[in-house]
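A quick write-up on the structure given underneath.
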Amino acid sequence: MFPRDFAWGAATAAYQIEGGWQAGGKGPSIWDTFCLEKGRVFGDQNGDVACNSYELWEKDLECIRQLGLTHYRFSLSWSRLLPDGTTQHVNQKGVQYYNKVINDLVACNVSPMVTLYHFDLPQALQDQGGWKSPSIANLFDSYAKFCFQTFGDRVKLWITINEPYVCAKLGHEDGIHAPGLKEPGTAAYLVGHNMLRAHAMAWHSYNHDYRKEQKGWVSLAVNSDWAEPLNTHCKEDVAATERYLAFTLGWFTWPVFVTGDYPEIMRSAIEAQSKKLGFNGGPRLPSFSKDEPTVLGTADFFALNYYTSRKVKKGESCGNILCMKSDRDAGDVLDPSWPICGVSWLAVVPDGLRKLLKYIKETFDNPAVYITENGFSQVGTLQIEDDQRSKFYKDTLLEVAKAIQEDEVNVCGYFAWSLMDNFEWSDGYSVRFGLYHVDFNDGKLSRTMYQSGREYAKIILKHKLDQ
Ligand code: GAL
């Protein structure tokens, strides 16, 4: 039912699980700083301890083994390795920590997929302008080269940046993620641009200096909803859907996979809005310089984080007319028939994933696709026997199987988000995405497999779904 060498994985990210925020010479990151201010995160919680994977890694490994995963995706904390963000100061304890994680995985026959950046910029670099500053691209490239050099003998799957859309928009326009900037209409485009430049430089470094020897693959993980017009007969809704997809998926994939530049619909929508507002601060969406290595072609596979689907309709009044939502002029709504039982933004639409996979195949010339994140959360009363989430995994994997068999999409693997409950950004510990429950009230942070974890393990073992 699934290809023989299909990758069965689960994913995590450093700030969400590691804790040890000041342990072993780690420097602060923007999430450490962000959480210090009251009112930003649910219950003013933070990732100071989280799942304490910094000390309890072996417990995580036990979970990975019990599930029977073939792959484990995790991220490196940049400021644990390079406390001030630069390669001038390497924290050997950080190197040792990740070496142990990687060696243990390899020893258990589990392939690591390593994310270099999952939302946690070293604070020292934020103090120099962070992702808004053009010089960040070179700093990221040096960090990436350091990681390829140090870990690339064992790591064959790399993600440079996780969800540039979320970093750019939630961190620099909405201000609900670190660094908490609210500069609508401008900063997100600049940040997204520098992330693409940084990603491309790192890919070229790998391609030039490491690929031959290490033989790995490098990509960036993009998040996208599937989107459909609210009214399929309404031309304006259809156009709004195109804009919606251009501003989410297209923003980062057109430059890398299609043209080397942003989608035309996106550029023209932003320009039209600037004109309408009499904005005279220059083009808000930057251009790629011919003097820098090209962004086009800088992905060895397509890494997709999928969570939900949306119905799209033309326009939606937005308080701030200088913001991305106004630029794209597309409102999104949830279909009332889609169940929402976890976080408010997540409607469960398994066949949306199949449609998105087919769209990716057709739009990006049939790339190798890894689903690098997908999951469903529980909120409120805890259920270890989480049958709804078990059903979610079965339903979703059935759609993935159909995408592979019927639509012939080249899906190489699937990573559940997440291995275990963890610090869910501004929702703190109130939202649980784990295949394992983590008891945050018990000093031991015990991990207990959910029913959904058992279900996933069963599918992995059989390599197929029971009909
Ligand atoms: C993604 C993110 C993960 C996780 C997940 C669930 O956007 O990459 O870190 O939090 O969403 O909300």
Side-chain angles (χ1 to χ4, degrees), residues 9-19 29-31 34-35 40-42 45-47 50-51 53 60 72-78 113-121 158-174 176-178 188 191-192 195 199 219-226 248-249 251-252 303-310 340-349 352-353 356 370-379 389 392-393 396 414-436 438 450 452:
T12 59
Y15 189 74
Q16 295 179 277
I17 64 161
E18 281 180 7
S29 83
I30 54 173
W31 268 94
F34 184 76
C35 294
R40 282 177 151 169
V41 173
F42 173 86
Q45 295 169 335
N46 57 52
C51 309
S53 292
D60 301 352
Y72 177 54
R73 175 178 175 225
F74 64 99
S75 83
L76 306 177
S77 156
W78 187 341
M113 176 188 271
V114 172
T115 308
L116 295 174
Y117 185 76
H118 199 125
F119 302 175
D120 51 349
L121 192 71
W158 293 98
I159 299 290
T160 54
I161 296 176
N162 180 67
E163 301 189 346
Y165 175 93
V166 170
C167 299
K169 179 151 189 310
L170 276 60
H172 301 79
E173 169 146 329
D174 306 335
I176 56 174
H177 270 204
V191 165
M195 289 191 143
H199 158 78
S219 190
L220 79 173
V222 294
N223 57 291
S224 187
D225 304 341
W226 172 243
T248 48
L249 186 64
W251 183 3
F252 297 99
L304 170 73
N305 294 355
Y306 168 82
Y307 285 92
T308 190
S309 292
R310 288 288 184 270
I340 298 184
C341 305
V343 267
S344 60
W345 55 267
L346 204 168
V348 178
V349 193
L353 175 56
L356 184 55
Y370 281 87
I371 299 160
T372 38
E373 282 181 32
N374 173 253
F376 176 37
S377 55
Q378 59 170 294
V379 182
R389 295 175 71 235
F392 164 84
Y393 279 109
T396 302
Y414 174 89
F415 291 73
W417 182 271
S418 173
L419 176 65
M420 58 195 161
D421 293 341
N422 57 46
F423 177 79
E424 177 51 22
W425 310 116
S426 43
D427 288 324
Y429 300 95
S430 67
V431 170
R432 296 174 176 274
F433 270 98
L435 294 167
Y436 276 78
V438 177
Y450 284 113
S452 51

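For reference, positions follow the sequence shown, starting with 1. Fair warning: this is a prediction, and the values are worked out from it, not measured in the lab. Whatever order the structure lists ligands and atoms in, that order sets their numbers, starting from 1.
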Which one of E163, E373, H177 has a non-hydrogen atom at the shortest distance from atom 3 (C) of ligand 1?
-> E373
Min over Y307, F376, F423 of heavy-atom distance to atom 5 (C) of ligand 1 lands on Y307
Could you list the atoms of ligand 1 found under 4.0 angstrom from a heavy atom of [X]?
X: F433; answer: 6 (C), 12 (O)
X: W425; answer: 3 (C), 4 (C), 9 (O), 10 (O)
X: H118; answer: 2 (C), 3 (C), 8 (O), 9 (O)
X: N162; answer: 8 (O)

Establish, from distance only, whether the side-chain atoms of T115 and N162 form a donor-acceptor pair under 3.5 Å.
-> no
Would you say the side chains of Y414 and N374 form a donor-acceptor pair under 3.5 Å?
-> yes
At under 4.0 Å between heavy atoms, which part of V343 makes contact with ligand 1: side chain, backbone, both or neither?
-> neither
Of W425, W31, F34, the one forming a ring pair (Phe, Tyr, Trp, His ring centres under 6.0 Å) with F119 is W425
Report yes or no: does a heavy atom of N223 sit under 4.0 Å from some atom of ligand 1?
-> no
Between W251 and Y165, is the ring centre distance below 6.0 Å?
-> yes
Assert yes or no for the condition that the ring centre distance of Y15 to F423 is strictly below 6.0 Å.
-> yes
Identified side-chain contact (heavy atoms from CB on, under 4.5 Å) partner of F376 from the options T308, T396, V343, V348 | V348
Is there a donor-acceptor contact under 3.5 Å from the side chain of S418 to the main chain of A11?
-> yes
N/O of W345 under 3.5 Å from N/O of ligand 1, yes or no?
-> no
Identify the protein heavy atom lying closest to atom 6 (C) of ligand 1, giving its residue, its atom name and the separation to 0.1 Å.
-> E424 OE2, 3.3 Å
